[in-house]
Amino acid sequence: MTTQIGVSFDGSLDEDSIWTWCSRVIATFSCSGEKEVNLAVEDAKAAFKIWRQKSGLERGRILLEAARIIRERTDEIATVESINNGKSILEARLDIDTSWQCLEYYAGLAGSMAGEHIQLPGGSFGYTRREPLGVCVGIGAWNYPFQIASWKSAPALACGNAMVFKPSPFTPVTALLLAEIYTEAGAPPGLFNVVQGGGATGQLLCQHRDVAKVSFTGSVPTGTKIMEAAAKGIKPVTLELGGKSPLIIFADCNLENAVKGALMANFLTQGEVCCNGTRVFVQKEILDKFTEQVVQQTQRIKIGDPLLEGTRMGPLINRPHLERVLGFVKGAKEQGAKVLCGGDPYVPEDPKLKDGYFMRPCVLGNCRDDMTCVKEEIFGPVMSILSFDTEAEVLERANNTAFGLAAGVFTRDLQRAHRVVAELQAGVCFINNYNVSPVELPFGGYKKSGSQPVGIVTAQNRGASREGFGRENGRVTIEHYSQLKTVCVEMGDVESAF
Ligand SMILES: NC(=O)c1ccc[n+]([C@@H]2O[C@H](COP(=O)([O-])OP(=O)(O)OC[C@H]3O[C@@H](n4cnc5c(N)ncnc54)[C@H](O)[C@@H]3O)[C@@H](O)[C@H]2O)c1
Ligand SMILES: C[N+](C)(C)CCCC=O
């Protein structure tokens with residue numbers, strides 16, 4: 001593996017190396033082939049043998065130490081993440097915070113993993129043990145590189161598993177920092193192993209016979225391929241996929257909060273966020289006022305060098321993605337949407353940034369449910385505003401999508417808020433806020449965003465447990481990284497049927 005950027009970043013990168021978003025290379029990695037993937041899995045297997053023997057408390061102690069190191073190195077890791085992805089340094093720091101918090105949370109749970117004791121006739125008894133799965137694979141997307149690696153590895157390791165992780169080839173760097181930190185914290189070498197590469201490397205991992213589980217974050221088409229590969233080996237999968245989430249703003253909301261919420265729901269990480277509430281349904285009475293304020297605040301977003309403290313929006317991930325997002329804006333105009341602001345390329349004054357993949361955040365008015373910009377995941381800074389009259393109408397329209405990752409509602413009427421979220425077909429619902437992510441709460445989707453296939457959600461099964469493809473964060477994730485063993489103990493003699 002050739003690395004042009006030091007994985008132990010010490011803040012002394014020269015300027016030329018930094019501007020990845022200006023078409024400059026920051027790192028070169030060789031893609032891992034079969035040989036490297038086998039080696040990584042073998043190493044992880046060896047580490048697993050040691051790790052699974054440790055008590056939960058011992059594992060928790062190492063995770064806590066890793067969390068402490070991440071917290072101590074927040075600024076350094078955030079700087080590399082900002083360079084890695086292009087997101088503002090402010091946001092990168094928040095990502096690092098939710099990463100060490102996740103490790104702390106599962107460190108706390110590691111010691112509490114326990115089974116049951118069940119009394120049987122004649123003094124016999126049974127008990128259950130919650131055991132690790134083995135070597136798990138994590139495959140990440142490029143929008144939250146360090147956070148994704150942390151959110152996947154923390155519960156996996158807490159449960160006694162090892163993990164081989166493959167970051168996106170667009171953001172290969174910060175997962176390596178996490179690997180370094182786990183080792184420094186006392187994890188056996190190879191317990192969290194990083195391989196680099198794209199789809200081919202990912203497939204090798206999914207097909208590997210010694211891999212017990214695959215946890216994937218990325219698009220629906222790739223998720224489908226991963227499920228197919230995993231199905232051949234009867235491996236469980238966790239799928240965290242895309243979305244086209246609704247944000248519903250009722251006329252009785254606190255308008256100031258609703259406007260802030262709409263920006264949080266659309267423009268974090270250049271709009272490249274899976275759970276973004278990009279279909280903003282606004283009740284007719286406040287449509288004009290809401291739209292005016294959203295546009296005003298969107299125009300104030302400071303775009304530019306993400307490493308500068310004042311910047312709030314950096315460049316998109318790469319040129320093809322920028323062109324794709326701009327293409328959605330063009331298509332929206334052709335279909336009758338009105339560009340209320342942004343939606344065009346942005347060239348910062350700083351000449352060093354002139355080749356960057358920047359665009360102005362865009363608000364689209366006059367949108368209809370049948371427009372492509374309203375139906376498809378854009379994964380860029382483009383908000384579509386739609387108007388509605390009644391609660392029943394907006395619920396039907398909000399749920400009319402194959403995705404089901406997140407949803408939000410702004411209203412002062414809390415009875416209505418709870419009534420509405422109970423009907424929303426989404427795995428994560430926000431009331432009077434959006435895109436906050438406390439690690440104590442499970443994160444994951446319904447429908448094509450990560451759970452049951454479309455069509456299966458019915459009035460009868462709505463509300464039933466649908467975390468079939470797993471969740472990230474929260475206590476429930478322990479169940480997705482462990483398996484239950486039943487032990488039946490006979491205290492008398494064998495009563496043979498023969
Ligand atoms: N639900 C969530 O938590 C969440 C979080 C972030 C991103 N996303 C989604 O991710 C998508 C954007 O990310 P992306 O462009 O990196 O997604 P992607 O599906 O193109 O790639 C994701 C990862 O899968 C790997 N990959 C590609 N083909 C593969 C294959 N055949 N087998 C195994 N691995 C393969 C890629 O190299 C990358 O590491 C969006 O749809 C977004 O909504 C979801
Ligand atoms: C931290 N957020 C904003 C909730 C994003 C989680 C990961 C989605 O892409």
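Model, not experiment: these values are computed from the prediction. All ligand and atom numbering here is 1-based and tracks the order in the structure.
Using a 4.0 Å cut-off between charged side-chain N and carboxylate O, Glu228 and Lys232 make no salt bridge. Contact check on Asp75 versus Arg93 returns a salt bridge, with a Lys/Arg side-chain nitrogen under 4.0 Å from an Asp/Glu carboxylate oxygen. Salt-bridge annotation for Glu377 and Lys448: absent, with no side-chain N of the basic residue lying under 4.0 Å from a carboxylate O of the acidic one.
Side-chain polar atoms of Glu91 and Thr269 form a donor-acceptor pair below 3.5 angstrom. Of the N and O atoms on the side chains of Thr174 and Asn84, at least one donor lies less than 3.5 Å from an acceptor on the other residue.
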For ligand 2, what N or O to protein N or O distances fall under 3.5 Å?
from	atom 1	to	atom 2	distance (Å)
ligand 2	9 (O)	Asn143	ND2	3.0
ligand 2	9 (O)	Cys274	N	3.2

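For ligand 1, the protein residues within 4.0 angstrom (heavy atoms only) are Ile139, Gly140, Ala141, Trp142, Asn143, Lys166, Pro167, Ser168, Pro169, Gly198, Gly199, Gly202, Gln203, Phe216, Thr217, Gly218, Ser219, Thr222, Lys225, Ile226, Glu240, Leu241, Gly242, Cys274, Glu377, Phe379, Leu405, Phe443.
Heavy-atom neighbours of Arg71 CZ from other residues, nucleotides or ligands within 6.0 Å: at or below the threshold of 12.
Remark: Ser449 OG to Leu241 CG distance equals 7.0 Å, nearest 0.5 Å. With rounding to the nearest 0.5 angstrom, the NZ atom of Lys375 is 11.5 Å from the NZ atom of Lys244.
Taking the centre and axis of the six-membered ring of Phe165, the NZ or CZ atom of Lys152 falls outside the cone set by 45° and 6.0 Å.
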